[in-house]
Asker: 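If you scroll down you'll find the structure; I have some questions about it.
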Amino acid sequence: MTAIRYPLPASIDPERLPQHIAIIMDGNGRWAKKNKLKIALGHRAGTENLREIIRNCSDIGVKALTLYAFSTENWNRSKTEVDALMQLILDFFHSEIDELDEKGVRILILGDKSGLPEPQRLVLEQAEERTAKNTGLSLNIAVNYGGRAEIVRAAQLLAAQVAAGERTVDSIDEAAIADHLYTKGLPEVDLLIRTSGEMRLSNFLLYQCSYAEFVFPEDLWPDFHVPQLHACIEEFQRRSRRYGGREE
């Protein structure tokens, strides 16, 4: 068996790992500015450290990792920046898909793929199809994604079923809504990490983060590596998760 490059430190209980980690990868632009580089190079640097984060989550037994790659609001950025982000999608999957598949990672795309340029849509669909039967880490990449739009989509799907006589209004409960989200079948988010010190969700997994623990490290995303991930998991394990109840 191949040794884990970054084993868990003794301070982390491997039996209490978060099942689902979600990351808002924030700070690429500020990192580029800090290092006097073009913003496209900041985004590329942010993609480089992503490999080790994914590998480590897979190695230590995290069940699901969700990454906020491109929001519905990101289309409002400059054409140069959008083009750079779209190119990174192609580059990432062309370089990483073989290893991800070999490690048993299942790829799921969250968001409206129909709104993407054809090359990006095809590479994402092919990645999902190729890894659909894998049983390891579920790597969920939010592309052209918005949390409010996701909830609206779920409501529309349920309304259409009611209109077609396939279900009653009374049958719509929290489980029914969850079953019509992009994250159907995944555990709810346990740990939400947003890098760069910003403290907001930015329309990310609004329904799924109802009881998530939030951690906001100061590191800009290109400076966030596996030791920083482990520090966030340590912080998660220090929290008392009461789900609305009181601590005994």
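Since the model is a prediction, treat every value here as computed from it, not as a measurement.
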Asker: Within the 3.5 Å criterion, strictly below it, is a donor on H43 or N28 matched to an acceptor on the partner's side chain?
Answerer: yes
Asker: Under 3.5 Å, is there a donor-acceptor pair linking the side chains of S202 and R194?
Answerer: yes
Asker: Taking atom types as modelled, find out whether D170 and T168 have a side-chain donor-acceptor pair closer than 3.5 angstrom.
Answerer: no
Asker: Given 3.5 Å as the limit, does a donor-acceptor pair link the side chain of D190 with the main chain of A212, or not?
Answerer: no
Asker: Answer yes or no: is there a donor N or O on one side and an acceptor on the other, between the side chain of N35 and the main chain of L37, under 3.5 Å?
Answerer: no
Asker: Has N144 got a side-chain atom pairing as donor or acceptor with D112's backbone, closer than 3.5 angstrom?
Answerer: yes
Asker: Would you say the side chains of H180 and Q156 form a donor-acceptor pair under 3.5 Å?
Answerer: no
Asker: Take a 6.0 Å sphere around CD of E174 and say whether it holds more than 12 heavy atoms from other residues, nucleotides or ligands.
Answerer: no
Asker: If you group Ile, Leu, Val, Met, Phe, Trp and Tyr by side-chain heavy-atom gaps below 4.5 Å, do I89 and L100 land in one group?
Answerer: yes
Asker: In the single-linkage hydrophobic clustering (I, L, V, M, F, W, Y; side-chain heavy atoms under 4.5 Å), do L186 and L192 co-cluster?
Answerer: yes
Asker: Under 3.5 Å, side chain of R239 to main-chain N/O of F214, donor-acceptor pair present?
Answerer: yes
Asker: Do D179 and K184 meet the salt-bridge criterion of a basic N to acidic O distance under 4.0 Å?
Answerer: no
Asker: Is a side-chain N or O of S58 found less than 3.5 angstrom from the main chain of I54, in a donor-acceptor match?
Answerer: no
Asker: Give the minimum heavy-atom separation between I97 and T131, together with the two atoms involved.
Answerer: CD1-CG2, 4.1 Å
Asker: Cut-off 3.5 Å, side chains only: do E150 and Y207 have a donor facing an acceptor?
Answerer: no
Asker: Counting distance only, does the side-chain N/O of Q228 pair as donor-acceptor with the main-chain N or O of H225 below 3.5 Å?
Answerer: yes
Asker: Given 3.5 Å as the limit, does a donor-acceptor pair link the side chain of D59 with the main chain of P7, or not?
Answerer: no
Asker: Taking atom types as modelled, is there a side-chain donor on Q237 or E213 under 3.5 Å from an acceptor on the other?
Answerer: no
Asker: Determine whether the side chains of Q87 and D91 contain a donor N or O and an acceptor N or O closer than 3.5 Å.
Answerer: yes
Asker: Determine yes or no for a side-chain-to-main-chain donor-acceptor pair under 3.5 angstrom, with S71 supplying the side chain and Y145 the backbone.
Answerer: no
Asker: For the side chain to side chain contact (heavy atoms under 4.5 Å, CB included) test, which of N56, I60, I53 pairs with Y6?
Answerer: N56
Asker: Does a donor on one side chain sit under 3.5 Å from an acceptor on the other, for S196 and E198?
Answerer: no
